[in-house]
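A quick write-up on the structure given underneath.
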Amino acid sequence: MAKEIWIADVQSGAHDGDEIELKGWVKRTRGSNKIRFVVLRDSTATIQCVAKRDSIGDESFEELKGALIEASLEIRGIVNPDDRAPGGHELIVTSVRVVGGVRPDSPFPITESAMESADGGETEFLLDNRHLYLRTSRMTNMLKIRSSVFGAIHSYFRDLDFTEYQAPNFVAGAVEGGSTLFEVPYFGKKAYLTQSWQLYAEAAMPALERLYTIAPSFRAEKSRTRRHLTEFWHAEMEVAWASNSEIMNHGEGVVRHIAKRLLNERENELNEIGRDLDLLARYADNPYPRMRYDEAIETLQSMNVDVEWGQDLDYSKEKVLTQDFDVPHFLTHYPKVAKPFYHRVDPDDEKYVLCHDLLAPEGYGEIIGGGERTWSEEEILARIDEEGVPREPYQFYIDTRTYGGVPHGGFGLGVDRVCSWLSGAEHIREVIPFPRDSRRVTP
RNA sequence: GCCGAUUUAGCUUAGCUGGUGGAGCGUGGGACUGUUAAUCCCAAGGUCGAGGGUUCGAACCCCUCAAUCGGCGCCA
């Protein structure tokens with residue numbers, strides 16, 4: 001039963017001349033009454049299988065003829081290197097069995113025309129049929145790239161002796177001041193889906209000192225943009241005894257590590273979806289400059305962008321700023337008024353907080369937000385009251401300062417955003433299997 | 001929450017100033033012994049998003065609603 005031979009190995013020449021059995025799905029089929037060509041796909045590659053009526057007999061030939069697109073097959077034959085075959089190898093079929101057929105009255109709905117109009121992006125039809133769209137080469141490539149991004153994040157932190165740590169997804173209070181929470185009924189009380197691991201990470205910071213996670217976060221924002229999901233994967237880290245600049249070193253480190261990993265592991269997939277590998281090499285090999293908020297405002301004002309000091313930078317400004325960047329840039333030292341209570345006020349100038357955003361180039365915008373945390377009990381209480389946030393849900397958070405508070409910080413990285421930016425996707429929906437936004441929770 | 005747009009066959013679409021809807025892909029049948037998104041012939045498949053209005057006559061003009069898409073605010 002177990003599958004022993006993968007199509008990618010056949011295409012690489014490992015089985016030339018052998019009689020083998022392939023298991024896979026029909027990607028495309030064509031032919032005459034005497035000869036049939038079936039392009040078989042598995043998770044690794046595709047191969048053309050050639051069946052002649054004379055050599056396999058009428059019964060097998062008719063069975064193969066009835067195997068529509070996405071029918072699953074077990075197919076035996078002899079591997080033959082042939083320049084006429086896409087990929088350079090083909091299987092001369094000796095016998096075939098349809099494992100799971102596809103009925104003619106309900107053919108596979110993801111057709112060339114459905115793919116063509118999407119033009120690398122997505123349509124309502126493809127989103128409604130996401131469970132089937134996943135099988136196409138574009139989605140398969142995206143999912144493999146995504147897997148490598150997740151793997152790279154884990155290996156970056158684990159190689160530096162960070163401990164992976166999990167926070168609850170049901171919570172009582174907000175992390176982001178302005179963000180909307182998903183409210184869920186909780187045995188007669190109200191609970192919310194978490195927006196971030198951060199507050200719970202700070203509780204574990206005195207225990208583990210260096211910790212990270214990759215987990216979903218939920219934000220009930222009605223955003224309709226190519227960079228937003230209501231459920232997204234959030235890679236977060238927290239470090240004790242660390243400054244804003246040391247936290248940024250890790251942000252730069254992990255993003256460059258991801259780019260490097262993709263170049264090593266996913267060159268084929270990136271090529272197939274049409275991504276320029278030189279861009280990834282540039283993101284992997286060069287340091288990321290750091291720019292203070294004030295500088296960014298001056299730059300924007302010199303470009304005649306209407307922006308005032310004290311505003312948070314919205315996407316229209318990020319876009320202008322990042323269009324000319326050749327690598328990601330950090331923006332640091334935002335005005336206190338633009339950021340929530342947990343950001344530590346700059347002791348050198350109380351107008352600012354010690355924070356950073358990492359803005360990705362190509363007009364992409366923010367992929368990381370982080371910084372130093374307000375760590376003394378006195379300061380955190382003052383900041384909470386100043387912003388009119390209730391103390392009660394945050395008592396556990398305040399306690400982490402009451403007992404041996406230390407300077408610390410961390411960041412959150414939007415994993416889907418990184419996948420989207422590095423793969424050159426048109427929309428963040430393309431890089432996650434079942435995207436959730438304000439209008440879609442199905443399939 | 002705001003601004004803009006779209007909705008015609010399973011999919012992708014054409015449809016001019018209003019005169020009872022064309023095609024490609026897919027599916028079915030036929031032809032073809034080396035195709036590369038095979039090709040060629042034939043067929044089935046549409047109350048034109050829903051409801052109302054104007055008109056002798058509406059896919060097309062007007063109104064209401066719905067769904068979807070793009071963008072903004074907010075953010076990862």
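These numbers were taken from a predicted model, which means no experiment stands behind them. Just so it is clear: chains get the letters A, B, ... in the order the sequence lines come, proteins before strands, and each one is counted from 1.
Residue contacts for A:R429: at a heavy-atom cut-off of 4.0 Å it reaches the sugar-phosphate backbone alone, with no base atom in range. A:G31 comes within 4.0 angstrom of a nucleotide base, judged by non-hydrogen atoms across all strands. Within the 4.0 angstrom heavy-atom criterion, no nucleotide atom of any strand lies near A:L413. Contact annotation for A:P86: base contact, defined as any heavy-atom pair under 4.0 Å involving a base atom. Across all strands, A:N33 comes closer than 4.0 Å to base atoms (heavy-atom distances).
Counting distance only, with no hydrogens placed and no angle test, the side-chain atoms of A:E112 and the base atoms of B:rU12 include no donor-acceptor pair under 3.5 Å. Donor-acceptor pairing under 3.5 Å, judged by distance alone, is present between the side chain of A:S113 and the base of B:rC11.
The aromatic ring of A:F232 stacks onto the base of B:rA76, its centre lying under 5.5 Å from the centre of the six-membered base ring with the two planes under 30° apart.
A:H131 and A:F434 have their aromatic ring centers separated by at least 6.0 angstrom. Taking the six-membered ring wherever Trp is involved, the centroid distance between the rings of A:F162 and A:H250 falls below 6.0 Å. The distance between the ring centers of A:Y283 and A:W421 falls below 6.0 angstrom.
By the 30° and 60° cut-offs, the orientation of the rings of A:F157 relative to A:F411 is tilted.
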